[in-house]
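Atoms within a ligand are numbered from 1 in the order they appear, just like the ligands themselves.
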Amino acid sequence: MSPCPSVSLLLIFFLTSLHAASADGGSTNIIYETCKKCAQEDPNVSYKFCVASLESNPYCHCDNLRGLGLVSIKLLRHNVTRTRSYTEKLLKSKKMDPSVRACLQDCLELYSDVVPTLAEAIRAYKDERYGDANIDLSSVMDASTTCEDGFTEKGTGSPLARRNKDAFRLSALALSIITMLSRSSH
Ligand SMILES: *[C@@H]1O[C@H](CO)[C@@H](O)[C@H](O)[C@H]1NC(C)=O
Ligand SMILES: *[C@@H]1O[C@H](CO)[C@@H](O)[C@H](O)[C@H]1NC(C)=O
């Protein structure tokens with residue numbers, strides 16, 4: 001038991017109100033507004049996916065568009081890093097159709113290149129070099145489609161289908177926010 005219950009009570013109250021403020025306050029509204037605009041302007045962004053993704057980050061400094069943009073890029077980096085390790089793990093399993101293995105090898109290479117590209121995208125974004133960030137994120141988006149196309153061309157099912165789709169949609173979201181930001185900074 002805590003020796004000083006009033007302090008812990010205060011702390012609980014503080015944390016609860018912090019949480020309430022972030023859940024009901026401005027950040028939720030700006031997420032809805034941003035996702036609505038992105039979905040209207042970009043056919044590759046779905047409103048539901050956008051809201052679910054941006055709301056999933058508890059550390060979001062999401063009270064402005066710039067914060068949301070950074071969150072979307074960081075979500076993408078997290079996604080892509082995990083996809084890369086997942087692909088590596090799949091390649092270690094012994095039994096596998098050789099054409100699936102070849103595709104996975106290509107995807108591993110693609111996603112390995114994408115990890116440093118995303119670090120560069122984050123630097124560019126923080127410096128407000130939106131043109132550079134756009135180029136970086138477009139190449140991440142391309143990597144996800146190139147990976148998926150490999151399986152389609154070989155006529156095999158893709159074990160990375162969902163992950164490729166997530167990477168594609170998160171890239172589209174980040175790109176869409178960057179388009180809005182670069183418009184408003186001119
Ligand atoms: C949407 O995705 C397609 C297919 O990858 C791409 O060619 C197109 O440029 C994207 N649209 C926008 C607005 O980014
Ligand atoms: C990738 O991001 C999407 C959307 O935020 C999420 O639903 C999914 O679980 C993430 N996948 C990985 C492997 O992190």
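Atom CG of Asn79 sits about 5.0 Å away from atom CG of Leu170, to the nearest 0.5 Å.
The atoms of ligand 2 that sit less than 4.0 Å from any heavy atom of Ser53 are 4 (C), 5 (O). Those atoms of ligand 2 with a heavy atom of Leu170 less than 4.0 angstrom away are 2 (O). Less than 4.0 angstrom separates some heavy atom of Arg163 from each of these atoms of ligand 2: 13 (C). Close approach to Phe49 involves these atoms of ligand 2, each under 4.0 Å from a residue heavy atom: 4 (C).
A heavy-atom cutoff of 4.0 Å around ligand 1 is satisfied by the protein residues Asp42, Asn44, Phe168.
Here the side chain of Thr152 pairs a donor or acceptor atom with the backbone of Glu148 at under 3.5 angstrom. Formation of a donor-acceptor pair under 3.5 Å by the Ser93 side chain with backbone atoms of Lys95 is not found in this model.
No side-chain heavy atom of Lys74 sits less than 4.5 Å from a side-chain heavy atom of Leu118.
The residues Lys37 and Glu33 are annotated as not salt-bridged, no charged nitrogen and carboxylate oxygen being separated by less than 4.0 angstrom.
The SG atoms of Cys107 and Cys147 sit under 2.5 Å apart.
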Intermediate values then yes/no, salt bridge (charged side-chain N to carboxylate O under 4.0 Å, His left out), Arg123 and Glu120
CA-CA 5 Å; Arg123 272 195 298 276; Glu120 171 48 33; 3.2 Å; yes

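Other members of a hydrophobic cluster containing Leu110 are absent, since no ILVMFWY side chain comes under 4.5 Å of it, directly or through relayed contacts.
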